[in-house]
Number of protein chains: 2
Amino acid sequence: MLDQNVKQKLIAIVGEDNFFDSEENLVVYSYDATPNYQAMPDAVLKPKNTSEVQDIVKVCNEYKVPIVPRGSGTNLCAGTCPLEGGIVLLFTHMNKMIEIDEENLTVTVQPGMITLDLINAVEEKGLFYPPDPSSMKISTIGGNINENSGGLRGLKYGVTRDYVMGLEIVLPNGEVIRTGGKLAKDVAGYDFTRLMVGSEGTLGIITEATLKLIPTPETKKTMLVLFDSLEGAGAAVQAIISNKIIPATLEFLDQGTLEVVEDFAKIGLPTDVGAVLLIEQDGPSEIVERDMEKMKEVCEHSNALSIQVAKTEEEGLALTTARRAALSALARKKPTTILEDATVPRSKIAEMVHAINEIAKKFDVEICTFGHAGDGNLHPTCMTDARNEEEIHRVEEAFAEIFAKAIELGGTITGEHGVGVMKSPYLAWKLGEEGVEAMKTLKFAFDPNNIMNPGKMFAKETKKRVVVQK
Amino acid sequence: MLDQNVKQKLIAIVGEDNFFDSEENLVVYSYDATPNYQAMPDAVLKPKNTSEVQDIVKVCNEYKVPIVPRGSGTNLCAGTCPLEGGIVLLFTHMNKMIEIDEENLTVTVQPGMITLDLINAVEEKGLFYPPDPSSMKISTIGGNINENSGGLRGLKYGVTRDYVMGLEIVLPNGEVIRTGGKLAKDVAGYDFTRLMVGSEGTLGIITEATLKLIPTPETKKTMLVLFDSLEGAGAAVQAIISNKIIPATLEFLDQGTLEVVEDFAKIGLPTDVGAVLLIEQDGPSEIVERDMEKMKEVCEHSNALSIQVAKTEEEGLALTTARRAALSALARKKPTTILEDATVPRSKIAEMVHAINEIAKKFDVEICTFGHAGDGNLHPTCMTDARNEEEIHRVEEAFAEIFAKAIELGGTITGEHGVGVMKSPYLAWKLGEEGVEAMKTLKFAFDPNNIMNPGKMFAKETKKRVVVQK
């Protein structure tokens with residue numbers, strides 16, 4: 001619980017209306033989209049501007065009160081679960097579009113802006129903000145930046161990091177700095193802009209962001225390709241890239257996912273094939289046509305069972321919407337859904353999916369896999385029940401083996417979800433103890449009192465997924 | 001001078017053949033491509049592998065000996081001038097191409113590899129490494145990464161940072177870490193990969209890099225557009241981007257530069273116009289044709305005096321080669337050439353060039369300006385004589401005003417050259433004292449003994465350009 005003195009100081013900053021500490025309010029912010037993690041904050045605050053954020057941070061730094069900055073809580077690494085209590089900071093009032101600059105192709109926003117609102121606003125000007133995390137309907141830009149969110153268009157267009165040009169940041173000591181700007185090139189000092197992207201709220205609080213835009217692609221085409229085996233789909237992914245085509249989207253769904261998605265979306269997807277690729281290309285229409293033809297050929301050579309090109313934009317949209325619904329669809333099957341994002345070099349996808357299936361069999365757990373095949377970013381998803389302790393233990397062991405396999409194949413423990421609490425026990429598998437130590441050095445140099453989202457990124461002694469259950 | 005004990009330890013690591021401390025050897029590495037900076041190192045070492053680098057760093061950290069990692073010394077910020085003595089580390093033996101991975105579109109190299117050799121090697125496989133600093137014929141990849149080098153293709157393709165996927169780094173404590181990998185998506189921990197890019201050798205030593213490749217654009221077209229005024233050229237740059245065209249190259253040369261370049265290259269460039277744009281587009285031929293047509297129209301509307309599309313690839317190459325020769329051409333005019341890279345948002349280019357001309361007049365110094373108009377990355381270049389102290393003082397004052405103007409217009413003190421010693425007095429103008437302090441915090445957390453390229457990035461008391469003249 002907050003000290004009364006601290007509470008009064010915080011209320012003096014944001015006002016009674018923007019300070020919440022009733023039981024029902026605290027429960028709402030005690031968890032995020034990650035199953036099995038819950039911890040109560042001591043208060044929830046809604047600052048109205050950077051200056052209030054700055055004052056809050058100064059108070060918290062003085063009294064060593066943890067701060068958890070939170071967007072819409074859609075992250076899947078328990079990154080916004082207030083593990084050590086303290087305050088949750090919401091950006092509900094700081095959700096404005098500040099400017100679209102059509103001359104410099106930038107947009108400047110406050111962190112609370114909803115991703116899809118931003119995408120729609122710039123599209124009205126013929127501009128394009130490519131990062132499209134599956135949660136974009138409700139996720140915020142601040143959350144996307146903190147997690148370096150990916151999405152379906154990562155292969156061709158990159159991830160959130162590739163679009164952040166400048167930031168306003170409140171540091172753990174309460175000072176405000178501005179990094180970057182509307183500048184395609186800027187090498188004045190260390191790249192704090194990208195250092196902040198994906199730092200999961202552990203280094204400071206983002207209060208404004210300038211993002212890069214590009215012209216909207218003229219047209220887009222979508223196709224669905226069925227394969228009887230994983231190998232076929234994997235070979236097709238390889239062959240597309242070897243043929244020097246970089247599609248906008250190159251998504252993979254295994255048989256299990258397909259079945260569940262069709263049951264949910266009911267758009268006539270086949271459910272009896274080994275694997276499916278959902279492929280999109282965008283750009284000038286002549287190039288899109290040419291690439292689609294070439295990719296059809298490539299898929300035929302990789303023994304595709306059938307190739308279906310969406311006849312209309314609506315039909316294409318229905319296919320990608322179905323793909324985006326994969327998590328929701330899988331979540332209907334069992335009380336608990338654990339979605340992971342082990343990632344491997346693109347060339348290792350088929351091998352990785354096979355390994356996942358073997359591991360699921362070994363531990364007798366139910367795992368479906370879908371994901372961004374072009375990126376090697378897979379989402380093995382386990383349908384389970386958190387109340388069944390014995391099964392959850394097997395699920396944990398299975399995922400640990402999956403992470404180990406990803407590392408063995410030159411991959412990583414997390415492609416786009418972040419480390420948070422969930423992956424922290426495995427971070428050293430990717431970075432080595434020396435790498436983790438170097439990152440801790442950086443963290444504690446910036447935040448000696450460890451007030452910024454403590455307990456994230458770096459593991460404590462435990463390796464258990466379920467760390468707090470109040 | 002090195003302590004005899006330290007010298008013996010270093011020789012034991014690299015061997016007599018790779019340790020140099022004769023006067024003539026030291027002089028060679030006492031300066032780089034930046035005029036007016038010189039300081040003698042105590043020794044020059046050529047390690048053969050990561051393990052030797054690691055051992056060298058451990059010795060230097062123990063005995064607090066400065067280390068300056070150096071590629072080909074083409075940087076323009078005095079970034080590799082061994083200001084505080086110590087050892088210069090050369091990567092002459094660590095210059096191998098380790099692997100081109102056509103499946104994952106990556107190349108893995110040692111830091112000493114020459115940039116153009118890498119570009120040529122991957123082009124043989126139909127692949128493309130876009131970063132093309134003007135010094136690419138002799139610069140090394142390690143140097144490019146340390147400086148986050150830009151180039152002519154930055155507008156469309158980004159800079160070195162955008163192509164670095166993974167690094168092997170020897171930290172100042174002698175530990176080796178590996179970051180990233182052949183992964184389009186990886187959010188395991190802080191983004192140390194990008195933190196190292198552009199860190200100017202102040203945080204560690206890069207011993208291996210995995211870089212991203214893309215398919216080679218199918219075709220390329222070049223055109224030269226003449227304007228009677230800066231405004232015309234500036235308006236055309238604006239209009240091209242507003243028309244949603246992102247050309248591969250969009251270079252600007254003012255009248256002064258043009259004259260000197262023609263005198264040097266003798267390819268029939270006009271020398272009596274106000275400004276020139278050199279424009280290239282690459283990609284599928286139908287799109288290149290379409291974009292070139294549209295850009296011609298746009299330039300006509302911006303009152304272009306004439307538009308000349310290169311008829312052959314050779315003719316196009318001659319034009320870009322002439323542009324790349326701008327610095328060399330200008331360097332012939334006077335004993336000392338100081339090339340700066342103040343950068344502004346693209347929309348402010350005409351305003352900035354006008355300001356540069358006014359400032360040059362005010363201080364009675366000779367400045368020509370050329371640069372990457374699409375990026376807002378300008379190169380005001382002063383032809384002067386370092387032996388004329390009074391003039392050099394005026395040059396310093398002029399550049400200080402130029403930097404101040406760039407900042408006023410939302411720009412930065414350096415777009416692609418780095419801070420080094422040369423810009424360190426101005427760093428706080430861009431970042432604020434708080435920003436510089438935060439960066440110092442990071443530096444000293446990593447390198448408490450300040451052995452890694454000391455004296456760079458962060459200014460001492462002085463503001464003078466000429467800091468050491470032995």
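Just so it is clear: chains get the letters A, B, ... in the order the sequence lines come, proteins before strands, and each one is counted from 1.
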- Of all of A:Cys77, A:Gly126, A:Ser424, A:Gly374, which one pairs up most often with chain B through heavy atoms under 4.5 Å apart? A:Gly126
- Option that, when pairs with chain B are counted at under 4.5 Å, heavy atom only, ranks first among A:Gly415, A:Gly166, A:Gly435, A:Pro215: A:Gly415
Need one label for [X]: side chain, backbone, both or neither, based on atoms under 4.5 Å from any heavy atom in chain A.
| X | result |
| --- | --- |
| B:Val176 | backbone |
| B:Glu434 | both |
| B:Val237 | neither |
| B:Lys125 | backbone |
| B:Leu105 | both |
| B:His417 | backbone |
| B:Glu218 | side chain |

Under 4.5 Å between any side-chain heavy atoms of [X] and [Y], yes or no?
| X | Y | value |
| --- | --- | --- |
| B:Arg161 | A:Arg194 | yes |
| B:Ile177 | A:Leu431 | no |
| B:Ile287 | A:Glu286 | yes |

- Item | Under 3.5 Å donor-acceptor, B:Asp162 side chain and A:Asp162 backbone | no
- Spell out, as yes or no, whether a donor-acceptor pair under 3.5 Å connects the side chain of B:Asp375 to the backbone of A:Leu183. no
Counting heavy-atom pairs under 4.5 Å with chain A, which one of [options] comes out on top?
| options | value |
| --- | --- |
| B:Ser199, B:Gly198, B:Gly181 | B:Ser199 |
| B:Gly411, B:Gly283, B:Ser242, B:Gly376 | B:Gly411 |
| B:Pro284, B:Ala239, B:Gly410, B:Gly432 | B:Pro284 |
| B:Gln238, B:Glu200, B:Arg178 | B:Gln238 |
| B:Met196, B:Glu416, B:Lys182 | B:Glu416 |
| B:Leu203, B:Asn148, B:Leu171, B:Val159 | B:Leu203 |

- Task: Inspect the surroundings of CD in B:Glu433 and state if more than 12 heavy atoms from other residues, nucleotides or ligands are less than 6.0 Å away.
- Result: no
- Message: Let's go through B:Leu127 and A:Lys244 carefully: what are the C-alpha distance in whole Å and the side-chain angles of both, what is the deciding distance for side chain to side chain contact (heavy atoms under 4.5 Å, CB included) to 0.1 Å, and is it a yes or a no?
- Response: CA-CA 8 Å; B:Leu127 295 169; A:Lys244 315 271 190 284; 4.0 Å; yes
- Cut-off 4.5 Å, heavy atoms of chain B, and the answer for A:Val436 is neither
- By residue number, those in residues 437-447 of chain B with heavy atoms under 4.5 Å from heavy atoms of chain A are B:Ala438, B:Met439, B:Thr441, B:Leu442, B:Lys443, B:Ala445, B:Phe446
- Task: Identify whether the distance between the nearest side-chain nitrogen and carboxylate oxygen of A:Arg346 and B:Glu102 falls below 4.0 Å.
- Result: no
- Is any side-chain N of the basic residue among A:Glu103 and B:Lys348 closer than 4.0 Å to the acidic one's carboxylate O? no
- Message: Which residues in residues 184-193 of chain A have any heavy atom closer than 4.5 Å to a heavy atom of chain B?
- Response: A:Ala184, A:Lys185, A:Asp186, A:Val187, A:Ala188, A:Gly189, A:Tyr190, A:Asp191, A:Phe192
